[in-house]
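Let me begin by presenting the structure, written as structure tokens, before commenting on it.
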Amino acid sequence: MNERRKPYPFDQLEPKWQAIWEKQRAFHATNPGEENFDPTKAKFYVLDMFPYPSGSGLHVGHPEGYTATDIVARYKRLCGFNVLHPMGWDAFGLPAEQYAIKTGQHPAVTTRENVAKFKAQLQRIGFSYDWEREVNTTDPRYYRWTQWIFLKIYNSWLNPATNQAEPISTYGGADPNSVRLAYIAEVPVNWCPELGTVLANEEVVDGKSEVGGFSVVRRPMRQWMLRITAFAERLLDELEGLDWPASIKALQRNWIGKSEGAEIDFTIQQREGRIRVFTTRPDTLYGATYMVLAPENPLVGQITTEDRREAIEKYRTDIAAKSDLERTDLAKEKTGAFTGAFAINPANDEAIPIWIADYVLMGYGTGAIMGVPAHDERDLEFARKFELPVIEVVKPPGGEDAIGFVGDGIAINSPLINGLTSGKAKTKITTWLEERGQGKSAINYKLRDWLFSRQRYWGEPFPVVWEEGNHRALEETELPVVPPPLEDYKPTGTGEPPLAKAKDWIRYSENATRETNTMPQWAGSCWYYLRFCDPGNHERFVGEEAEQYWMGGGKPGGVDLYIGGVEHAVLHLLYARFWHKVLFDLDYLSTPEPFQRLVNQGMILGEDGRKMSKRWGNVIDPLDVIKIHGADAFRCYEMFMGPLEQMKPWSMRGVEGVARFLARVWRLIMNENQAGEWELSTAVRDVAQTKAQQKILHATIKKVTEDIETLSFNTAISQMMIFVNAFTTAEVVPLSSMRTFLILLNPFAPHLSSELWETLSEKFGGSGQITEQAWPDYDEALLVTDEVEVVLQVNGKRRDVITVAIDMPDAELEKAALANPKIAALVAGKTIRKIVVVPKKLVNVVVG
RNA sequence: GCCGAUGUGGCGAAAUGGCAGACGCAACGGACUUAAAAUCCGUUUCCAUUAAUCUGGAGUGUGGGUUCGAGUCCCGCCAUCGGCACCA
């Protein structure tokens, strides 16, 4: 009912300091060449994954990572670094467009409103972003350069000789379009006939459209593709040197999906031509008793015999009607059909039947496999279903059953390689095939080229026009290509993008029309970290000097710390690395990798332990928390909950606990007078610290410093609590202890510490705000005391503890232990086998 | 199935191979108060035992191992979570 009294006036001092910081440009990072730039300072670039500004505003998950980076940013500034800590908006996307379809309101308007809301929320939490560097991917001044980078990609190719992206002009072949890093291809997309539109994968749930639940089919359409597969090997290799979580590296490795093996050519019986298969187990070639083509493989029509044609066509039609989900259902039985044709196994010249089956995918390898049922689970299942022969060709090392054994062993029933281990057999058979022109070693990747076009309105238009059926890139001077205003954002229903409705806009010239597809949402986020280095540059996507300073400086270079959610583990982080490498090859960038150190914050669950969602009614709004406890308490609680990377449930009680801690800090320095006003406590005096106070202060400096470096914010806060607990009972609170402590607290609770710092300065003097101070050093010598507690053990079990001089020699410690009555009693009558002495820690007496 | 992560009090969690449970929440007891809130002080892993805050034992998912000593290192198993999934 009646509002509870605030434990300290955060509702006044927090907005006060936020206004001061903004007015003073306190967190503005200066670029080389800018006024006040200090070349003696080292740079530190700490970055958040910028958000999509949705209509519902922030939830408590967003500020978790943001608070972590803010603490690091504030800490590094106090340590004397020139810190780049920016924020922006990844604002192209579906919700704004769908809202536009419903209401007719232009997505730009919706976006502007949402951005304002997000920004106000972030500012209320007191993040120290350099707002002068704010970027928005939907701003023409931004996406002009997104389009410019597309032109660079379009006008490049990967030269196999150098394994680098080079301008297309260095390509000597006849058809440059066949090697461009951006190209056009007919690829299957998710087409929803009911909605009359193409859907992104994320909009398809269980084979149905997310909206309406209509069925979605695969349909080939003309699409822009980016040749990311050309960089597969480098994306894989250069992952190694990055300071990223092992799990994220594993996810990317898995996504790239490198497989080493061989391509083997099988001739077709009584017919011209060959069928090429990819296998990771060329050593099992003698066990290949049949061959399977993907149903969509174009060879199927050519090789099928007349008597089998009807059955094959029926099978292909059935498969085409199936959704991806039905097709990949692992629980279902294997299906397939015999083509009537036979292939010749190059190892033994035996004829083996050629089947088609949907367990072979057109999109991986060559769309054809050799069936080795004895040593592949899927092939075995298929062979059993259709009664095909099973020949064992690998003997397991452990003597288990050879049929169904998929590991490495010894080759058998394989004249050329009998007796060899699987590894050696692979090499030998591959060499043998190579000599006869029937195969070669090969590497395959699961990674596919990036489908880069969308049939959407609210995205970056392509800087491309079409002339007589050919695509042509625009000149850089023609950028930005701005989308036309539309009255109706609905999909056309024909599969043509909404931009196709803008008849005037499409007409580029007499005989050229504009590309009407737009880029996917990932485009803008592929390079935003570069734009932050120099957001106002009108001449270049990022100035050379700025790029070299922020991305090139420092030891490995790049973004020094990047924090964000795991959901971007593969897509955003892989796409951005890809673009970065293209630009690096083309000499626009200083480093081959964008993000040196990556950390994923764990998800924050609701108080009920479930994922926060409207459905469960367990969503926490940061502003509600801030209203009751203040932004500093909110920040500190987010960090105190547990390790940053870990998933953890929210607890309002927990917030109260942290708020109590901050109130204790306040009351350590402030006192409430008779009139109910806060004034500086008379206990705070400019006196020397006691030895004990000095020790705990230095222990706190050490712990907080180390914990910030390792992002262990929860234990840093614990230590500060210990510090405060130790001082609450003190009758005299030394000024110097408080000043140092406030600097340590500043990155965590910037408003409170700023206010208290100012109050102390008013009374005792002192220069500058807390944000202008230097991070304190600790003195290791002050941490040691004259005496230490040494644990006494018998056979590894703690029996007593004694206090001794810190420098007591081992021999004396041993003596003291044996003289201890408890130890003596336990040792009496037994043989002492050994005595382990750990100086300053323990003595362990081993008896037998 | 494959890959990855995680298992510690009533709860969130701490612990360079060296006193398991720091810090916080909750709970209980006390001080202050007419009362409550707030604040401050204390207790709080479990079992047994005790007048006791003594004392003894057990204890970090589970079974082994290495070690004077293991939450921590090694091997096997179980459970939970996340990702990928007919990728030849």
Side-chain angles (χ1 to χ4, degrees), chain A residues 2 4-7 245-251 253-255 257-259 261 277-281 284 288 292 294 327-332 334 357-361 363-372 375-379 381-382 406 444-448 566-567 569-570 602-603 609 636-637 640-643 645-658 660-661 663-664 667 672 703 712 714-725 728-729 789-801 833-838 840-848:
Chain A
N2 52 347
R4 216 176 39 166
R5 203 184 176 299
K6 305 259 186 301
S247 58
I248 300 291
K249 288 190 183 181
L251 281 175
R253 237 179 265 125
N254 186 25
W255 190 262
K258 182 180 182 177
S259 291
V277 303
F278 173 75
T279 176
T280 54
R281 294 300 299 270
T284 62
V292 187
R327 225 184 124 157
T328 56
D329 182 5
L330 283 173
K332 84 173 164 108
K334 290 274 178 290
D358 67 350
Y359 84 93
V360 174
L361 309 172
Y364 182 78
T366 59
I369 63 151
M370 61 182 199
V372 184
H375 306 293
D376 182 282
E377 279 176 43
R378 298 149 301 179
D379 294 348
E381 201 189 319
F382 189 80
V406 297
N444 244 296
Y445 300 94
K446 276 198 261 184
L447 184 70
R448 315 284 175 79
V566 243
E567 65 272 20
V570 276
M603 206 196 319
C636 289
Y637 175 66
F640 186 65
M641 290 171 81
E645 297 93 331
Q646 198 171 298
M647 193 192 288
K648 45 213 176 269
W650 185 265
S651 158
M652 277 304 179
R653 297 284 199 171
V655 188
E656 284 174 34
V658 173
R660 265 200 284 272
F661 157 66
R664 281 156 76 104
R667 290 197 311 268
E672 201 170 13
K703 182 80 178 139
S712 310
N714 54 331
T715 47
I717 293 170
S718 294
Q719 181 61 37
M720 290 191 281
M721 287 172 168
I722 292 169
F723 175 89
V724 171
N725 291 347
T728 28
T729 47
E789 289 197 330
V790 169
V791 170
L792 304 182
Q793 297 181 330
V794 175
N795 286 350
K797 263 195 165 64
R798 178 186 183 276
R799 293 301 171 182
D800 206 357
V801 55
R833 293 246 171 104
K834 187 176 183 179
I835 298 179
V836 182
V837 179
V838 182
K840 294 182 240 177
K841 285 245 163 76
L842 100 180
V843 180
N844 185 13
V845 183
V846 186
V847 295

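To find a chain, count down the sequence lines: A is the first, B the second, and so on, and within it residues start at 1.
- Checked against B/A22, B/C81, B/C68, the side chain of A/Val836 finds its nearest nucleotide in B/C68.
- Taking every side-chain heavy atom of A/Lys446 into account, B/C84 is the closest of B/C84, B/A15, B/C23.
- Comparing A/Glu377 and A/Asn714 by the nucleotide of RNA chain B that holds the closest heavy atom to each, the one mapping nearer the 5' end is A/Glu377.
- For A/Val838, counting side-chain heavy atoms from C-beta on, the closest listed nucleotide (B/A88, B/G18, B/G12) is B/G18.
- Among the nucleotides B/G18, B/A14, B/G12, the one closest to any side-chain atom of A/Gln793 is B/G18.
- Checked against B/U16, B/A13, B/C68, the side chain of A/Val846 finds its nearest nucleotide in B/C68.
- Between the base of B/C19 and the side chain of A/Arg798 there is a donor-acceptor pair shorter than 3.5 Å.
- Under the Watson-Crick or G-U wobble criterion, with both distances below 3.5 Å, B/G56 is paired with B/C47.
- The side chain of A/Gln646 has B/A13 as its nearest neighbour among B/A13, B/A88, B/G4.
- Comparing atom distances between the A/Lys834 side chain and each of B/G4, B/U16, B/C68 picks out B/C68 as nearest.
- If you check B/U16 for Watson-Crick or wobble pairing at under 3.5 angstrom, you find it has no partner at all.
- The shortest side-chain heavy-atom distance between A/Leu842 and A/Arg798 does not fall under the 4.5 Å cut-off.
- For A/Ser259, a side-chain nitrogen or oxygen approaches OP1 or OP2 of B/A88 to under 4.0 Å.
- Checking B/A88, B/A14, B/C19 against every side-chain atom of A/Ile369, the shortest atom distance belongs to B/A88.
- Remark: P of B/G24 and NZ of A/Lys648 are 20 Å apart, rounded to the nearest angstrom.
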Quick tally for nucleotides 40-45 of chain B: nucleotides whose base has a protein heavy atom under 4.0 Å get B, sugar-phosphate-only ones S, the rest -, giving SS----
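- Each of B/A14, B/G18, B/G24 was ranked by its minimum atom distance to the side chain of A/Pro643; first place goes to B/A14.
- Heavy-atom nearest nucleotides on RNA chain B were determined for A/Gly642 and for A/Ile722, and the one closer to the 5' end corresponds to A/Gly642.
- For A/Thr280, counting side-chain heavy atoms from C-beta on, the closest listed nucleotide (B/A88, B/C86, B/C81) is B/A88.
- Syn is the glycosidic conformation of B/G9, whose angle stays within 90° of 0.
- Looking only at side-chain heavy atoms (C-beta outward), A/Ile717 and A/Tyr637 stay at 4.5 Å or farther from each other.
- Within the nucleic acid shown, A/Ser651 has no heavy atom closer than 4.0 Å to any nucleic acid atom.
- Contact annotation: A/Asn254 side-chain N/O to B/G83 OP1/OP2 distance is not under 4.0 Å.
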